[in-house]
Amino acid sequence: MDFKLCAIASGSSGNCTFLQAGEQMFLIDIGISGKKVTEGLGELGIDPKEVHGIFVTHEHIDHIKGVGIFSRKYDTPIYATQKAWDKMLGANMIGNVKEHNIRPICKEEPLHLEALRIFPYTIYHDAVDPVGYSFEYKAKKITIATDIGVIDERIKENLRGSHGILLEFNHDIHMLEAGSYPFHLKKRILSDVGHLNNEAAAEVLRDIYHEGMQWAILGHLSKDNNVPDLAYLTAKMALEEKNIIVDRDIKVSVAKRDRVSEIHFI
Ligand SMILES: [Zn+2]
Ligand SMILES: [Zn+2]
C-alpha cells in the first residue's frame with residue numbers, strides 16, 4: 001500500500017478528506033466541526049495527533065470550518081496559499097493559529113514532504129486563490145479536484161496520470177435549473193467559477209482515464225441538485241462510451257455526504 005484515501009465528509013455541507021502516503025497522514029480541508037473530524041478519524045483508527053498537516057483548497061466555510069480548531073488542539077500545520085492565509089486570518093475565519101503552523105504554499109510549485117510530492121494547481125472557483133492538489137508517492141498519483149467551475153486542458157494535464165481521483169460531481173444541470181434555488185445562486189453555480197456538473201465531470205473522467213487508474217470517487221454532490229445514483233450513472237455511461245467498464249476497468253463510488261466513506265487504497 002502506497003496511498004490510502006478516505007472521504008470523511010463530502011458535499012456543500014462540509015468537506016474533509018483523509019490521505020495517507022506511506023507513514024505520513026494528512027487531511028485535505030476540514031469543513032466540518034472539530035468533533036466530527038475527530039470522530040471520523042476515530043472510525044478509521046487514526047489518532048488526530050498523528051495527522052502531519054492540513055491542506056486547504058480554498059477559504060469557503062465548507063472547507064475550513066474546523067481547520068483552526070483542529071490545528072490548535074493537535075498542533076497541526078496548515079498549508080494554504082498566501083492569499084488564502086491573508087483572507088482566513090484577516091477576516092478571522094479560523095481563529096488564532098500558532099505561528100509555526102502557518103505554512104504558506106505557492107500555487108503551481110511542488111512541495112516535498114519526505115518522499116511525498118504535493119502539487120497545488122490553480123482551479124477556477126469564486127474564492128480568493130483556490131487550488132486543487134495532486135499527491136505523488138512512489139510513482140503513484142492521487143488527485144483531488146473539487147470546487148471547480150470548469151476544467152480546461154491545463155487542469156486536465158494536472159489530473160492525467162492519476163491512479164486514484166476524487167472528482168467533483170456537484171449537480172445535475174436539469175435538477176438545478178428546475179429547482180428552487182434563487183436565480184443568482186443558480187447563476188453562480190453554473191458559472192465558470194462555480195461548481196462542476198455531472199456531465200462535464202463524467203467527460204473529464206472519460207478523457208483522463210488510463211489503464212493505471214484504479215478508482216474514481218465522485219464527490220462534493222449538491223444535496224438539492226443531485227442524487228448519488230444519477231452522478232454514478234452519468235459517470236458509468238460516459239466511461240462505457242469509450243468501452244471502459246465500471247468494476248472491470250475502474251472502480252467508481254460516490255462519497256457519502258456526512259459519514260465516513262469506504263477507504264480506497266493504491
Ligand atoms: Zn467552494
Ligand atoms: Zn465546497
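Everything quoted here is computed from the prediction, not taken from an experiment. Numbering of ligands and ligand atoms starts at 1, following listing order.
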Chemist: Looking only at N, O or S atoms in H60, which is nearest to the Zn ion (ligand 1)?
Modeler: ND1

Chemist: Can you tell me the angle formed at the Zn ion (ligand 2) by OD2 of D147 and NE2 of H63, to 10°?
Modeler: 90°

Chemist: Between H171 and H220 (judged by ring centroids, cut-off 6.0 Å), do the two rings come close enough to count as a pair?
Modeler: no

Chemist: H220: which N/O/S atom is nearest the Zn ion (ligand 2)?
Modeler: NE2

Chemist: Can you name the N, O or S atom of D62 that is closest to the Zn ion (ligand 2)?
Modeler: OD2

Chemist: Looking at F135 versus F55, is the centre-to-centre ring distance below 6.0 Å?
Modeler: yes

Chemist: Would one find more than 12 heavy atoms of other residues, nucleotides or ligands at under 6.0 Å from atom NZ of K83?
Modeler: no

Chemist: Please find out if the Zn ion (ligand 1) and some N, O or S atom of H195 are separated by less than 2.8 Å.
Modeler: no

Chemist: Would you indicate whether K187, at its atom NZ, is surrounded by more than 12 heavy atoms from other residues, nucleotides or ligands within a distance under 6.0 Å?
Modeler: no

Chemist: Report the distance from atom CG of L44 to atom CG of L41, rounding to the nearest 0.5 Å.
Modeler: 6.5 Å

